Amino acid sequence: GGFEALSSVDLGASGNVDTRPDTLKLGFSARTGGWTNKHMIDWVSVDAAPLLNLDGDNSSSSLQGQFKTSFVSVGIAIAVVDDDMDVSDYNGVNLTGGTIALTGVLDGANESLTSTLGTSSGSVTIAGNGTATITLTGTDTHATYQAILESIQYNNTTGTVTEGDRTVTLTVDDGDT
């Protein structure tokens with residue numbers, strides 16, 4: 001028997017871990033008698049960033065992992081993520097913070113983001129309700145952060161809404177990235 005490499009990769013022999021890829025596939029085959037067994041190993045960096053899929057079933061027909069919706073009526077808030085959104089992280093079950101930021105604001109302070117959960121959920125503090133930026137701080141589970149993100153709503157209370165696109169950017173942190 002013996003081994004035959006199917007691929008080889010330099011993992012940064014210089015010792016600089018920042019040069020390593022976030023994901024890597026390695027393969028090898030083992031020969032025993034007349035048989036060749038091929039094996040693949042997936043490696044994910046231990047400091048990979050958490051992932052957000054804002055529209056799990058892509059019901060908004062947006063780009064993969066994003067969510068698109070329309071604001072229709074002044075004073076009636078709309079969700080900024082779909083109710084089937086998902087938070088995942090390869091290297092942990094807890095998150096430590098996050099930011100939800102509204103850009104492209106055309107109607108000033110009349111446009112805002114708010115969490116329907118108020119100023120906290122679990123051990124997470126929700127700061128900035130009623131502004132263009134909400135900040136999340138505190139260590140808690142993916143499920144808690146997902147519930148908070150699902151609670152975030154956009155509203156515009158101006159009498160006549162200025163037409164144009166607005167963007168809400170969501171980021172979460174696992175403390176490892």
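Note that the structure is a prediction, hence the values are computed from the model and not measured.
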query = Does a donor on one side chain and an acceptor on the other come within less than 3.5 Å for D176 and N91?
reply = yes
ask   = Quick one: does N94's side chain get under 4.5 Å of D174's, heavy atoms only?
value = no
key: Non-hydrogen atoms of L102 and S112 that approach each other most closely   = CD2-N, 4.3 Å
request  = Please report the closest heavy-atom contact between V172 and Y145, naming both atoms and the distance.
outcome  = CG1-CD2, 4.3 Å
Validation row: V168, L113 side chains within 4.5 angstrom (heavy atoms) = yes
Distance-only donor-acceptor check, side chains N110 and N156, under 3.5 Å = no
message = Is there a side chain to side chain donor-acceptor pair (under 3.5 Å) between T99 and T135? Walk through the geometry before answering.
response = CA-CA 5 Å; T99 303; T135 303; 4.9 Å; no
inquiry  = Under a 3.5 Å distance rule, please check whether T96 uses its side chain to pair with a backbone N or O of D173 as donor and acceptor.
reply    = yes
query = Do the side chain of E111 and the main chain of N155 share a donor and acceptor less than 3.5 angstrom apart?
reply = no
request  = Could you give me the CA-CA distance, side-chain angles and deciding distance for N129 and T114, then say whether side chain to side chain donor-acceptor pair (under 3.5 Å) is met?
outcome  = CA-CA 5 Å; N129 277 323; T114 303; 4.8 Å; no
Minimum heavy-atom distance between Q153 and A77, given as atom pair plus value = OE1-CB, 3.3 Å
query = To the nearest 0.5 Å, how far apart are CG in D82 and CG in D55?
reply = 4.0 Å
key: Sole candidate of L52, L170, L54 that passes side chain to side chain contact (heavy atoms under 4.5 Å, CB included) when paired with V87   = L52
request  = Would you mind reporting whether I78 and I76 have side-chain heavy atoms less than 4.5 Å apart?
outcome  = no
query = Would you call K68 and D165 a salt bridge, using N to O less than 4.0 angstrom?
reply = no
message = Using side-chain heavy atoms (C-beta onward) and a distance below 4.5 Å, is T141 in contact with V93?
response = no
key: Result of checking L136, T144, D86 against L149 for side chain to side chain contact (heavy atoms under 4.5 Å, CB included)   = L136
Run the side-chain donor-acceptor check on residues 116-127: report pairs under 3.5 Å with partners two or more places apart or on a different chain.
unit_1: S123; atom_1: OG; unit_2: T139; atom_2: O; d: 2.5
unit_1: S123; atom_1: OG; unit_2: D140; atom_2: OD2; d: 3.1

remark   = In terms of heavy-atom contacts, V161 and F71 come closest through CG2-CE2, 3.9 Å
request  = Starting at CZ of R166, measure out to OG1 of T69 and round the result to the nearest 0.5 Å.
outcome  = 13.5 Å
task = Assess whether side chain to side chain contact (heavy atoms under 4.5 Å, CB included) is satisfied between I100 and T133, documenting all intermediate values.
result = CA-CA 6 Å; I100 303 95; T133 303; over 6 Å; no
query = Can F67 and M85 be said to form a side chain to side chain contact (heavy atoms under 4.5 Å, CB included), step by step?
reply = CA-CA 9 Å; F67 180 65; M85 67 99 46; over 6 Å; no
